[in-house]
Amino acid sequence: MVQLASSQKSFSAAILNWYDAHARKLPWRSPPGMQPDPYHVWLSEIMLQQTTVVTVGPYFEKFLNLWPTVHALAAASLDDVLTAWAGLGYYARARNLHKCAIAVSIEFGGQFPKDRDNLLSLPGVGPYTAAAISAIAFDKPEVVVDGNIERIVSRLYRITTPLPAAKKEITEFASKIMPRRRAGDYAQALMDIGATICTPRTPNCAACPVSRHCAAFAAGDMAQFPVKAPKKVKPTRRAVVFWLERSDGAVLLRRREEKGLLGGMMEFPSTDWGEETLSIEMAIMRLFPAHFQALAGQAAQKSLVRHTFTHFHLELQPVVTSLEAPDETILPGGQWVKPEEFGSYALPTLMNKVARAVAKG
DNA sequence: GATCCGTGGTC
DNA sequence: TGACCAAGGAT
């Protein structure tokens, strides 16, 4: 470790040389030597939180087309932002993205702050994203530590403390080996290397520009790092979900609560997501008690929809029914939408799975 | 520090 | 096929 710290210059030079020759061409990156648009950097960094480059690509292009500037995004409605974000997941990011755009547009006159501390005050911008924006968009020498860099550093030093407890230790090592110049390129280089060479399962050390600095490579136990705390088992939750159709073909949707899981997104009405399995009749009684007689006889089950969230499995039992009745007697906040219009609504992937199950069988 | 928060790809 | 994983943040 001491040897590596003393060879910081050789290490960072190898990283930057590798980047000059192998940098990935990504939609949000500017040509070599050009300063990127801070709006593009911010937008991409928010989208890339816990999300792969391949998944983000089309969403990044869509958002830039819809809202070319931070002012345009700030002027959009939250519902339009959620609709455009639908499918990307972690919807608090979209809510905070909108809040942040308004803050930058109003409080900072449309100019993103350049320093880490001011960036940290923005909604949805945490330690990683603040450092990344400051380094990449403004070339500030900030210590950028994401999951890739955690993995690289933990292998360089064979850090045995499990994550996330090792975060502080890793950040200190990362700080010691980073260069003073080209901090943005350096951070992106490490992330590229982490994504393509120093991968989680079987790293391609033969292609790594800094394998000679790596303790885990020397020991031959790269795959043992980073050490992570054990994970908890996911419980399974179940519910009955209703595809309630009107004679004109429109289907009943409602908006979820502003906060929490799938916050602010649209959904097909369902019973509460709990541990126990509910009968169709019981589900109708829970959600549409005033129309039990009209619904119970004609309810048709479709194939079970399985979906896994970060911390639980979900099994939704779709039920197809039809109903003609005054709206106010059906469901508070319900909204009738024709399936061909679903694309312009903020439907998360789970609900599109339900629609698919209903259409098939 | 622990928990909550999506989704699609991979082995 | 199911667990693991990905450019984390908020509470």
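Keep in mind it's a predicted model, so treat the numbers as computed, not measured. Just so we're on the same page: letters track the sequence lines, and every chain starts at 1.
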For A:Lys140, does the NZ atom have more than 12 heavy-atom neighbours from other residues, nucleotides or ligands under 6.0 Å away? no

Separation of B:dC4 atom P from A:His311 atom NE2, nearest Å, is 5 Å

Exercise. Between A:Phe11 and A:His213, what is the ring plane arrangement, given parallel below 30°, perpendicular above 60°, and tilted in between?
Worked result: perpendicular

B:dT7 OP1/OP2 closer than 4.0 Å to side-chain N/O of A:Tyr91 | yes

Whole-Å distance, A:Ile170 CD1 to C:dA7 C1', equals 15 Å

Classify A:Gly260 by what it touches in the nucleic acid, base, sugar-phosphate, or nothing, heavy-atom distance under 4.0 Å. sugar-phosphate

The residue among A:His313, A:His311, A:His307 that forms ring-ring contact (aromatic ring centres under 6.0 Å, His included) with A:Phe309 is A:His307

Whole-Å distance, A:Asn96 CG to C:dA10 P, equals 6 Å

Checklist line | Pairwise P distance for C:dC4 and B:dT3, with rounding to whole Å | finding: 16 Å

**Request:** Can you tell me, in whole Å, how much space there is between the P of C:dA7 and that of B:dC5?
**Result:** 23 Å

Here the pair of heavy atoms bringing A:Ala135 nearest to A:Val144 is CB-CG2, 4.0 Å

What nitrogen or oxygen pairs link the protein and nucleotides 8-11 of chain B at under 3.5 Å?
none

Hey, does A:Lys259 reach any base, or is it just sugar-phosphate, or nothing, if we go heavy atoms under 4.0 Å? nothing

Nearest-nucleotide check on DNA chain B, A:Thr310 vs A:Pro164; residue mapping nearer the 5' end is A:Pro164

query = Between A:Tyr157 and A:Phe173, what is the ring plane arrangement, given parallel below 30°, perpendicular above 60°, and tilted in between?
reply = parallel

Check: A:Phe108 ring centroid to A:Tyr39 ring centroid under 6.0 Å: no

For the rings on A:Phe112 and A:Trp42, is their centre-to-centre separation under 6.0 Å? yes

note: A:Leu350, atom CG; B:dC5, atom P; distance rounded to Å ~ 13 Å

* Quote, to the nearest angstrom, the C1' distance that separates C:dC5 from B:dG6. => 13 Å

Subject >> Working for salt bridge (charged side-chain N to carboxylate O under 4.0 Å, His left out), residues A:Glu275 and A:Arg238 >> reply: CA-CA 6 Å; A:Glu275 301 288 332; A:Arg238 303 172 179 85; 5.2 Å; no

Taken to the nearest whole Å, CZ/A:Phe312 to P/B:dC5 is 7 Å

Between A:Gln188 and A:Val125, the residue closer to the 5' end of DNA chain C by nearest nucleotide is A:Gln188

A:Gln49 has its side chain closest, among C:dA7, C:dA6, C:dG8, to C:dG8

In whole angstroms, the gap separating P of C:dC5 from NZ of A:Lys234 amounts to 11 Å

Nearest-nucleotide check on DNA chain C, A:Gln50 vs A:Lys99; residue mapping nearer the 5' end is A:Gln50

Exactly one of A:Phe60, A:Phe63, A:Tyr90 clears ring-ring contact (aromatic ring centres under 6.0 Å, His included) with A:Trp85, and that residue is A:Phe63

Per atom distances to the A:Pro200 side chain, the nearest of C:dA3, C:dA7, C:dA6 is C:dA6

Answer with yes or no after comparing the ring centroid distance for A:Tyr19 and A:Tyr186 against a 6.0 Å cut-off, counting only values under it.
no

From NZ of A:Lys232 across to P of B:dT3 the rounded distance in Å is 3 Å

Separation of C:dG9 atom P from A:Leu122 atom CG, nearest Å, is 12 Å

Expected list for residues 133-152 of chain A near DNA chain B, using heavy atoms below 4.0 Å, is none

